[in-house]
Amino acid sequence: MEGPCSPPTPGKFVVVGGGIAGVTCAEQLAINFPSEDILLITASPVIKAVTNFKQVSKVLEEFDVEEQPSTMLENRFPNIKVIESGVKQLKSKQHCILTEDGNQYIYKKLCLCAGAKPKLICEGNPYVLGIRDTDSAQEFQKQLTKAKRIMIIGNGGIALELVYEIEGCEVIWVIKDKAIGNTFFDAGAAEFLTSKLIDEKPEAKIAQKRTRYTTEGWKKEVQARANAGNIGSALGPDWHEGLDLKGTKEFSHKIHIETMCEVKKIYLQEEFRISEKKSLTFPRDHHDQSVTTDKEIWPIYVELTNEKIYGCDFIVSATGVTPNIEPFLGGNNFDVGEDGGLKVDDHMHTSLPDIYAAGDICTASWHPSPVWQQMRLWTQARQMGWYAAKCMAAASVGESIDMDFSFELFAHVTKFFNYKVVLLGKYNAQGLGSNHELLLRCTKGQEYIKAVLQNGRMMGAVLIGETDLEETFENLILNQMNLSAYGEDLLDPNIDIEDYFD
Ligand SMILES: Cc1cc2nc3c(=O)[nH]c(=O)nc-3n(C[C@H](O)[C@H](O)[C@H](O)COP(=O)(O)OP(=O)(O)OC[C@H]3O[C@@H](n4cnc5c(N)ncnc54)[C@H](O)[C@@H]3O)c2cc1C
Ligand SMILES: NC(=O)c1ccc[n+]([C@@H]2O[C@H](COP(=O)([O-])OP(=O)(O)OC[C@H]3O[C@@H](n4cnc5c(N)ncnc54)[C@H](O)[C@@H]3O)[C@@H](O)[C@H]2O)c1
């Protein structure tokens, strides 16, 4: 039990949150100050640890995320003390935090890493599930074992992973956009992925296409392809590896995508019966435009903004996250970003004295490198947690450090539809306006490579498949070499560009 929130109790380094950001921050502080106790206060009984860390290239990193009992962290770092309790209040003027179990802790420097929670399309409806942690993932799995048809709303990472993974259950996937995976891909990459899913059989012959598009040409091309419709199918990355995502039926994948629409209204069974509206059967294939009334009775019905209504067992709202800032707000005048995160400067410092923030809870509010942007990802949670600890350590001895190199270039490696996916810099030409050019190489069923160029300099890239280009492209983006002279050779599969730029 710590002393009350009044001086002269000496403060400690305190970190809130046992996710990747908080754990990395606490570990780094423990290394920097081996003779001091570091407090890690977290609401959950397990902590998330980074394992098998691999620096793939200068900025790209890969690692596994493992849930561990907090004692494992305390064993690795004897000067870390984990307190298992939620923070219910922050008194920033007194440098004090109060926890649910009635204790209070004085900090000299505090790092808030409480993450984010799913932003659901509708709160409080038991038929609308969000997926965030092990518990919610298991709840989803449990519901799925009883389901014949579900609806997935959203077009980001979770939706992409789920549609590929779910078997034995009809999936109606509702997206606001024209093409799938809009937070990670443009329509061209989306088409590359979906075409693999449609063609269940292996490609007999691999056709290779290499094209150079200006923005204008590209837009027309992708629009034409997007209009042709998309359909998806299965397999999946880490977080659901231990989960058997199977519904009640014996088929593998049955996905229907409703594009460019949103949820208008959700009806409970009885409400729907009274409304006398009609719902639709599951479309036979993505060209099926027939309108057949569904005879089956469902627990809920969803009316979409395109006026279609489908019944289903439940909805997964994979519609992004909201930073967990509420417990820290009362009486504290934090600057909060538009996305609801605690604004942090280039030293991960919030607007209040001695309070830092890292990971999903924060909004990066410094002037970023032209090829970096914040995305709420494991990699950034780790990098921010690490860098926040370095900044806290430096500030506590009256020093300041330069921004970490990892914030020079946005770099993310992941897996979608069993393809390795590498995203670099302004991979979707975000914020570049119309003044950019795209180079594209696509080998159906094998690889999709897109380079984003502006004034002859590479600003970003999407690499899908085993392209082996990540290091070279990373260097080209970082060194901003003028590539105008190379033209389409840049993506010519017969030219080894690694040699080219050595
Ligand atoms: C289903 C799913 C799949 C994902 N897949 C990927 C992926 O493949 N690649 C990728 O890069 N990213 C992925 N992400 C995103 C990634 O998980 C997050 O960006 C990352 O975990 C954020 O880490 P964090 O430490 O900031 O927050 P979190 O991991 O959310 O940790 C927050 C911690 O704070 C604690 N906490 C919350 N409130 C309080 C409180 N009041 N008091 C005390 N403690 C509190 C929580 O218990 C928790 O320990 C995925 C996310 C989800 C939901
Ligand atoms: N492999 C990976 O890298 C990976 C995988 C899963 C999740 N994640 C991360 O986990 C977090 C949560 O994932 P997520 O998929 O929920 O979020 P996300 O931010 O990736 O995607 C949210 C999606 O929901 C859509 N959306 C938002 N509001 C909507 C509404 N009212 N109706 C319809 N659509 C709406 C958005 O257009 C977007 O497509 C994100 O930070 C994501 O980056 C990453």
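Whatever order the structure lists them in is the order used to number ligands and atoms, beginning at 1.
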What distance separates Leu469 CG from Glu474 CD, expressed to the nearest 0.5 Å?
12.5 Å

Run down the list Gly22, Gly86, Gly115 and name the one with the heavy atom closest to atom 27 (O) of ligand 1.
Gly115

Can you sort out which atoms of ligand 1 are near Val16, meaning under 4.0 Å from one of its heavy atoms?
42 (N), 43 (C), 44 (N)

To atom 30 (C) of ligand 2, the nearest of Asp339, Thr319, Asn155 on a heavy-atom basis is Thr319

Is Lys176 in contact with ligand 2, taking contact as a heavy-atom separation below 4.0 Å?
yes

Lys54 NZ/CZ over Phe63 ring centroid, <6.0 Å and within 45° of normal
no

Would you kindly say whether Ser317 and Thr319 are connected by a side-chain donor-acceptor distance under 3.5 Å?
yes

Per-atom contacts of ligand 1 with Gly18, taking only distances under 4.0 Å to non-hydrogen atoms
33 (C), 34 (O), 48 (C), 49 (O)

Sole candidate of Lys390, Arg76, Arg382, Lys48 that passes salt bridge (charged side-chain N to carboxylate O under 4.0 Å, His left out) when paired with Glu27
Arg76

If we set the cut-off at 4.0 Å for heavy atoms, which region of His412 has an atom near ligand 1: side chain, backbone, both, or neither?
side chain

Under 3.5 Å between some N or O of ligand 2 and some N or O of Arg132?
no

With a 4.0 Å cut-off on heavy atoms, does Lys119 reach ligand 2?
no

Could you check if a side-chain atom of Tyr387 sits within less than 4.5 angstrom of a side-chain atom of Gln28, using non-hydrogen atoms only?
no

Sub-4.0 Å atoms of ligand 2 with respect to non-hydrogen atoms of Ile153:
32 (N), 33 (C)

Can you check which of Thr379, Ile158, Leu162, Val413 brings a heavy atom nearest to atom 2 (C) of ligand 1?
Ile158

Considering both backbone and side-chain atoms of Pro327, is one of its nitrogen or oxygen atoms within less than 3.5 Å of a nitrogen or oxygen in ligand 1?
no

Using heavy atoms and a 4.0 Å limit, tell me yes or no: is Gly157 in contact with ligand 1?
no

Does any N/O atom on Ile20 come nearer than 3.5 Å to any N/O atom on ligand 1?
yes

Of the options Lys265, Lys264, Lys277, which is the one that meets Glu307 in a salt bridge (charged side-chain N to carboxylate O under 4.0 Å, His left out)?
Lys264

If you take all heavy atoms of Glu408 and Val371, which pair is closest and at what distance?
O-CG2, 3.3 Å

So for ligand 2, is Lys415 a polar contact partner (N or O within less than 3.5 Å, distance only)?
no

Option whose closest heavy atom lies nearest to atom 20 (O) of ligand 2, chosen from Gly157, Gly181, Ala159
Gly157

Closest to atom 39 (C) of ligand 1 by heavy-atom distance, out of Gly156, Ala357, Ala114, is Ala114

Can you check which of Ala381, Gly156, Gly130 brings a heavy atom nearest to atom 18 (P) of ligand 2?
Gly156

Quick test of your reading of the structure: of Trp378, Phe416, Phe328, Phe63, whose heavy atom lies closest to atom 13 (C) of ligand 1?
Trp378

What atoms of ligand 1 come closer than 4.0 angstrom to any heavy atom of Ala21?
25 (O), 26 (O)

Yes or no on ring pair (Phe, Tyr, Trp, His ring centres under 6.0 Å) for Phe184 and Phe416, after CA distance, side-chain angles and deciding distance?
CA-CA 10 Å; Phe184 293 97; Phe416 286 121; 4.9 Å; yes

For Asn306, the side-chain hydrogen bond (donor to acceptor under 3.5 Å, both in side chains) test, sequence neighbours excluded, returns Glu258

Can you list the atoms of ligand 1 that are under 4.0 Å from a heavy atom of Ala381?
22 (C), 23 (O)

Please confirm whether Phe184 comes under 4.0 Å of ligand 2, counting heavy atoms of the residue only.
yes

Measure the shortest side-chain to side-chain distance between Tyr448 and Tyr419 over non-hydrogen atoms and say whether it is less than 4.5 angstrom.
no

The answer for which part of Lys48 has a heavy atom under 4.0 Å from ligand 1 is side chain

Does Ile175 approach ligand 2 within less than 4.0 angstrom via side chain, backbone, both or neither, non-hydrogen atoms only?
neither

In terms of its nearest heavy atom to atom 11 (C) of ligand 2, the top option of Val321, Thr305, Ile180 is Val321

Counting from 1 in the order shown, the ligand 1 atoms closer than 4.0 Å to a non-hydrogen atom of Arg376 are 15 (C), 19 (O)

Angle class for the Phe140/Phe314 ring planes (parallel below 30°, perpendicular above 60°, tilted otherwise)?
perpendicular

Rounded to the nearest 0.5 Å, how far apart are NZ of Lys12 and CG of Asn79?
11.5 Å

Nitrogen or oxygen atoms of Asn324 and ligand 1 under 3.5 Å apart
no

Which atoms of ligand 1 are found less than 4.0 Å from any heavy atom of Gly359?
26 (O)

What do you reckon, does Ile131 put a non-hydrogen atom under 4.0 Å from ligand 1?
yes

Which residues satisfy the side chain to side chain contact (heavy atoms under 4.5 Å, CB included) test with Cys122, sequence neighbours excluded?
Asn125, Val128, Ile266

Check ligand 1 against Cys113 and write out every atom of the ligand that is under 4.0 Å from a heavy-atom position of the residue.
32 (C), 33 (C), 34 (O)

Before accepting this row, confirm whether a basic side-chain N of the pair Glu62/Lys420 lies closer than 4.0 Å to the acidic partner's carboxylate O.
no

Do Ser57 and Glu470 have side-chain N/O donor and acceptor atoms under 3.5 Å apart?
no

Lys117 near ligand 1, heavy-atom distance under 4.0 Å?
no

For ring pair (Phe, Tyr, Trp, His ring centres under 6.0 Å), just list the numbers for Tyr301 and Tyr267, CA-CA rounded to whole Å, side-chain angles, deciding distance to a tenth of an Å, and then say yes or no.
CA-CA 5 Å; Tyr301 293 83; Tyr267 299 83; 7.7 Å; no

Atoms of ligand 1 under 4.0 Å from any heavy atom of Ala43, numbered from 1 in the order shown, are 43 (C), 44 (N), 45 (C), 47 (O)

